[in-house]
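In what follows, every chain begins at residue 1, and chains take the letters A, B, ... in the order their sequences are listed. All values below were derived from every heavy atom in this structure, side-chain atoms included, with hydrogens, water molecules and symmetry-related copies excluded.
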Protein chains: 2
Amino acid sequence: MNEIATDEQRQSSRPHQGRRAVISREDLMVAAMQLVGPNRSISTLSLREVAREAGIAPNSFYRHFRDVDELAVSLIEQAGGALRQVIGQARHRATSGRSVVRSSIEAFMEQLWGEQKYMQLLLREGTVGSEAFKAAVERQLVYFEEELCADLVRLASANETGIYKPALAARAITRLVFTMGASSMDLPEEKRPQAVEDMSTMVRMIVVGTQTIAEGHIQVD
Amino acid sequence: MNEIATDEQRQSSRPHQGRRAVISREDLMVAAMQLVGPNRSISTLSLREVAREAGIAPNSFYRHFRDVDELAVSLIEQAGGALRQVIGQARHRATSGRSVVRSSIEAFMEQLWGEQKYMQLLLREGTVGSEAFKAAVERQLVYFEEELCADLVRLASANETGIYKPALAARAITRLVFTMGASSMDLPEEKRPQAVEDMSTMVRMIVVGTQTIAEGHIQVD
DNA sequence: CCAATAATTATACATATGTATAGACAATAA
DNA sequence: TTATTGTCTATACATATGTATAATTATTGG
């Protein structure tokens with residue numbers, strides 16, 4: 001009769017032995033995200049704090065993560081995956097020539113302002129915290145670099161322009177966009193279009209630079 | 001007779017009323033610096049910890065700083081000033097044409113690896129922490145941008161090349177160099193030359209890009 | 001029903017933190 | 001000397017943390 005069986009979090013549908021989990025890893029991750037903010041970084045969250053926010057006893061935390069750091073790594077992977085997906089879609093939508101880079105940046109900035117807290121993890125906290133955490137962020141950055149590098153190469157051959165050290169160019173663009181994004185995070189609404197514009201110009205400089213160097217019109221000291 | 005009068009820290013040589021200060025702001029800043037490391041950021045230092053390191057009672061801290069955050073801001077200004085001075089000297093030494101940028105980067109990287117802990121503040125912690133702290137770091141970055149911008153303009157007119165939006169170019173270079181520097185901080189000794197090389201190439205892309213765009217050889221969408 | 005088992009809580013402990021209060025100390029001014 | 005005045009320490013308190021241990025709860029298999 002109790003067909004209620006609320007489809008709670010049947011995280012794995014296989015029948016359970018023992019008490020059913022009332023909370024999931026995801027719940028803890030959500031709780032942690034609610035605590036981070038412009039002046040609160042993951043690395044400063046305490047286990048008890050997260051548990052409190054999630055509404056569980058401190059010790060229950062251990063059922064899901066070894067410590068807050070492990071939670072942070074999971075969050076990084078989640079945030080990175082989401083961003084890559086969004087940008088991937090943007091790339092798909094606009095395969096027409098050079099607008100790829102542009103629309104990628106726009107997608108990036110949209111995600112940046114739509115999912116502030118998630119993006120903060122990737123953009124602002126990659127340089128502090130544990131070794132594991134920094135490594136996780138670095139991993140995400142490298143993913144972006146690789147995808148962007150492929151884009152640049154494809155773009156160059158499509159437009160029949162040269163390209164000098166595409167991997168380095170991709171790296172420069174990624175890092176630049178990420179830092180600029182980080183510092184643009186707390187811009188007021190009205191200044192955002194300008195920020196997008198500036199970032200596009202900067203990226204264009206790099207793209208034009210790598211092309212021009214490849215053309216050999218300028219000496220490479 | 002007691003001509004000992006060890007020239008301790010006569011922080012201000014004016015005669016004192018009351019007990020002489022046994023510790024100075026600088027001592028506390030030094031103590032704090034000894035505590036930071038690749039896995040320890042200023043924002044996680046506790047007042048008691050710093051006091052312990054400096055060898056004073058926790059409460060004595062208040063004689064010098066309102067809280068650890070205020071100390072952090074002082075450290076940022078110190079680190080920024082030192083770096084600007086080093087780079088300024090490098091710029092002075094090599095005013096011959098384009099090597100200015102190059103030797104600035106080299107000076108930057110030297111400082112980066114020589115004063116790791118100080119640089120960590122500027123490079124890695126600018127995006128977390130209090131509003132005051134972030135503002136202090138941003139201020140230092142802007143100083144760099146302005147000086148670099150002047151350099152770029154001077155360079156362009158000396159070489160009779162054009163330059164497109166020098167302020168943006170300077171900003172891109174500064175931010176890029178700072179992030180790349182940050183992530184190169186924990187590179188092993190043998191990989192550093194390659195890092196310098198890569199960073200120079202990236203900067204060159206931006207410089208060439210801004211020049212090329214100015215020349216009008218490439219359409220600006 | 002009962003036993004087994006897994007998830008969660010309750011309680012507790014040692015330790016850390018920021019800071020309030022009061023007193024000790026050292027220097028100057030009289 | 002003595003009074004005054006800054007600097008520093010000692011002690012204390014309320015509160016926070018990570019985690020160990022044991023008990024409680026809900027679920028499944030028999």
Side-chain angles (χ1 to χ4, degrees), chain A residues 1-32 35 39-72 129-130 132-133, chain B residues 1-29 31-32 35 39-72 129-130 132:
Chain A
M1 263 305 175
N2 63 354
E3 206 51 42
I4 333 166
T6 59
D7 51 3
E8 302 174 28
Q9 54 275 359
R10 61 186 73 214
Q11 43 197 17
S12 72
S13 52
R14 73 155 157 68
H16 243 339
Q17 175 88 327
R19 187 177 178 168
R20 209 173 327 183
V22 43
I23 216 171
S24 65
R25 284 172 65 99
E26 282 68 33
D27 291 329
L28 279 173
M29 290 164 76
V30 167
L35 291 171
N39 287 311
R40 203 69 209 285
S41 67
I42 294 203
S43 29
T44 71
L45 293 188
S46 75
L47 182 151
R48 284 181 110 108
E49 221 172 345
V50 177
R52 208 179 304 131
E53 177 71 28
I56 62 172
N59 264 319
S60 300
F61 186 96
Y62 294 123
R63 292 280 150 191
H64 306 284
F65 298 100
R66 179 197 303 275
D67 50 32
V68 187
D69 213 72
E70 196 173 288
L71 197 174
S130 73
F133 184 75
Chain B
M1 260 307 174
N2 63 356
E3 206 51 43
I4 334 169
T6 58
D7 52 3
E8 302 177 27
Q9 54 274 0
R10 59 188 73 214
Q11 43 196 17
S12 74
S13 53
R14 74 155 157 67
H16 243 338
Q17 176 89 324
R19 185 177 181 169
R20 210 174 329 184
V22 42
I23 217 172
S24 66
R25 284 171 66 98
E26 282 68 33
D27 292 328
L28 279 172
M29 290 163 75
L35 291 171
N39 287 311
R40 204 68 210 285
S41 68
I42 293 202
S43 31
T44 69
L45 292 188
S46 75
L47 182 152
R48 284 182 109 108
E49 221 172 346
V50 176
R52 208 180 303 132
E53 178 71 28
I56 61 172
N59 264 321
S60 301
F61 186 95
Y62 294 121
R63 294 279 151 194
H64 305 286
F65 298 99
R66 178 197 304 275
D67 50 30
V68 187
D69 212 71
E70 197 174 287
L71 196 172
S130 74

side-chain contact (heavy atoms from CB on, under 4.5 Å) partners for [X], two or more places apart:
X     : result
A/A72 : A/I42, A/F133
B/A51 : B/I56
A/N59 : A/Y62
A/S41 : A/S43, A/T44, A/E125, B/V128

What is the separation between atom [atom1] on [X] and atom [atom2] on [N], rounded to the nearest whole Å?
X     : N      : atom1 : atom2 : answer
A/I23 : D/dT27 : CD1   : P     : 15 Å
A/N59 : C/dA12 : CG    : C1'   : 11 Å
A/R19 : D/dA26 : CZ    : C1'   : 6 Å

Considering heavy-atom distances to DNA chain C, does A/I56 or B/P58 have its closest nucleotide positioned more toward the 5' end? A/I56
Considering just the side-chain nitrogens and oxygens of [X], establish if one lies under 4.0 Å of OP1 or OP2 belonging to [N].
X     : N      : answer
B/R63 : D/dT7  : yes
B/S60 : D/dT9  : yes
A/H64 : C/dT8  : yes
B/R20 : C/dA26 : no

Between CD on residue B/E53 and CG on residue B/L35, distance to nearest 0.5 Å: 4.5 Å
Excluding sequence neighbours, so at least two apart, what forms salt bridge (charged side-chain N to carboxylate O under 4.0 Å, His left out) with B/E49? B/R40
For the helix from C/dC1-D/dG30 to C/dA30-D/dT1, what angle lies between the axis at the first five pairs and the axis at the last five pairs, to 10 degrees? 0°
Suppose the criterion is salt bridge (Lys or Arg N to Asp or Glu O under 4.0 Å): which pairs have a residue in residues 59-69 of chain A, not counting sequence neighbours? A/R66-A/E70
Main-chain N/O of A/P58 paired to A/R48 side chain as donor or acceptor, under 3.5 Å: no
Give me the distances for all protein-to-nucleotides 14-18 of chain C N/O pairs that come in under 3.5 Å?
unit_1, atom_1, unit_2, atom_2, d
C/dT17, OP1, B/S46, OG, 2.7
C/dT17, OP2, B/R52, NH2, 2.6
C/dG18, OP1, B/L47, N, 2.9
C/dG18, OP2, B/L47, N, 3.2
C/dG18, OP2, B/R48, N, 3.0
C/dG18, N7, B/R48, NH1, 2.4
C/dG18, O6, B/R48, NH1, 2.7

Out of D/dG29, C/dA29, D/dC8, which has the shortest distance to the side chain of A/Q17? D/dG29
At their closest point, which heavy atom of A/N39 faces which heavy atom of B/G129, and how far apart are they? OD1-O, 3.4 Å
